[in-house]
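Since we're looking at a predicted model, the values are computed, not measured. Naming: A, B, ... by sequence-line order, numbering from 1 per chain.
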Number of protein chains: 2
Amino acid sequence: MSTLGLKLRELREQSGLSLRKAAMQVDIDVAILSKMERGERKFSKELVLKLADLYKANSHKLVIDFLSEKLLYDLEDEDFGLEALKVAEKQLKYKKQKNV
Amino acid sequence: MSTLGLKLRELREQSGLSLRKAAMQVDIDVAILSKMERGERKFSKELVLKLADLYKANSHKLVIDFLSEKLLYDLEDEDFGLEALKVAEKQLKYKKQKNV
DNA sequence: TTATATTTGACACATTTAGTCAACACTAAG
DNA sequence: CTTAGTGTTGACTAAATGTGTCAAATATAA
């Protein structure tokens with residue numbers, strides 16, 4: 001089960017919104033939101049932002065979860081996933097510092 | 001310029017293989033290999049493995065570079081890329097430990 | 001029953017990605 | 001100059017993925 005989906009479902013419920021109403025507010029089909037909350041389809045970043053706004057939640061953390069989920073998806077069943085994350089981290093830090 | 005592409009180009013040259021010959025050996029079109037080495041197209045993992053084999057190189061490191069490049073691609077222009085990498089790392093460690 | 005909420009699957013549409021091919025430019029050798 | 005070898009480019013098609021739509025099925029409660 002998707003962490004992000006779970007979180008967004010909880011936030012929706014805390015906002016007292018039904019799936020239908022929430023979906024309508026962010027202008028997507030109910031079916032899609034249902035599948036996304038259950039991890040059957042991927043969220044888009046734009047939707048995460050829209051939902052964060054609708055639920056009045058911290059978009060920062062949700063976006064990080066969104067990205068992290070995307071990364072983990074790339075590393076599914078990879079033996080060297082952890083090493084790859086570390087190499088990516090190193091290169092990202094370098095990039096940031098050098099502003100490349 | 002792609003790190004992986006650069007490395008694989010160097011390895012090819014060290015093996016004394018022309019683009020055409022290498023491409024033929026791994027059963028792809030020359031154009032594709034040319035573009036991949038220059039970072040214009042993405043490698044597939046399978047191809048990286050085939051090339052590592054052809055060049056008698058350490059596939060381990062090349063695969064890690066391949067994955068890392070994929071991760072960084074996901075994080076392009078993201079403000080919280082580093083945070084996302086760290087969250088992903090944490091979750092991957094947890095997964096590994098729990099064998100989920 | 002009636003109403004509301006969620007889930008499911010089939011389908012079409014669009015976008016992305018992968019592969020094919022021929023032509024181009026450059027260099028070195030004959 | 002011609003030939004052969006190198007790598008690069010762009011146009012095109014095909015395959016794969018992703019996204020959105022819809023209707024029906026299921027569930028729960030009033």
message = Do A/Leu71 and B/Leu75 have side chains that approach each other closer than 4.5 Å (heavy atoms only, starting at C-beta)?
response = yes
request  = Mind calculating the distance between CD (A/Glu40) and C1' (D/dG20) to the nearest angstrom?
outcome  = 15 Å
query = Would you say B/Ser34 reaches D/dT8's phosphate, i.e. side-chain N/O to OP1/OP2 under 4.0 Å?
reply = yes
key: Side chain proximity check, A/Gln91 to A/Val87, heavy atoms < 4.5 angstrom   = yes
task = Ignoring backbone atoms, test whether A/Arg38 places a side-chain nitrogen or oxygen under 4.0 Å from the OP1 or OP2 oxygen of C/dT8.
result = yes
Protein-nucleotide distance (A/Leu19, atom CG; D/dT26, atom P), rounded to Å = 19 Å
Separation of B/Leu72 CG from B/Leu67 CG (nearest 0.5 Å) = 11.0 Å
Flag side-chain contact, heavy atom, 4.5 Å: B/Leu8 against B/Arg12 = no
message = Tell me which residues in residues 48-56 of chain B lie within less than 4.0 Å of DNA chain C, going by non-hydrogen atoms.
response = none
Spacing of B/Leu33 atom CG and B/Arg38 atom CZ [to the nearest 0.5 Å] = 10.0 Å
Spacing of B/Glu46 atom CD relative to D/dA16 atom P, expressed in whole Å = 14 Å
note = Its contact letters, B for base, S for sugar-phosphate only and - for none at protein heavy atoms under 4.0 Å, make nucleotides 13-30 of chain C read ----SBBBB---------
remark   = In whole angstroms, the gap separating C1' of D/dT19 from CG of A/Leu33 amounts to 14 Å
Beyond-backbone contact of B/Lys93 with B/Gln97, side-chain heavy atoms, under 4.5 angstrom = no
Under 3.5 Å donor-acceptor pairs involving side-chain atoms of residues 42-53 of chain A, not counting sequence neighbours:
residue	atom	partner	partner atom	Å
A/Ser44	OG	A/Leu47	N	3.1
A/Lys45	NZ	B/Glu78	OE1	3.1
A/Lys45	NZ	B/Glu78	OE2	3.3
A/Lys50	NZ	A/Val26	O	3.4

inquiry  = From the set D/dT9, C/dT7, D/dT6, return the single nucleotide nearest to any side-chain atom of B/Lys21.
reply    = D/dT6
Non-hydrogen side-chain atoms of A/Lys90 and A/Lys86 separated by less than 4.5 Å = no
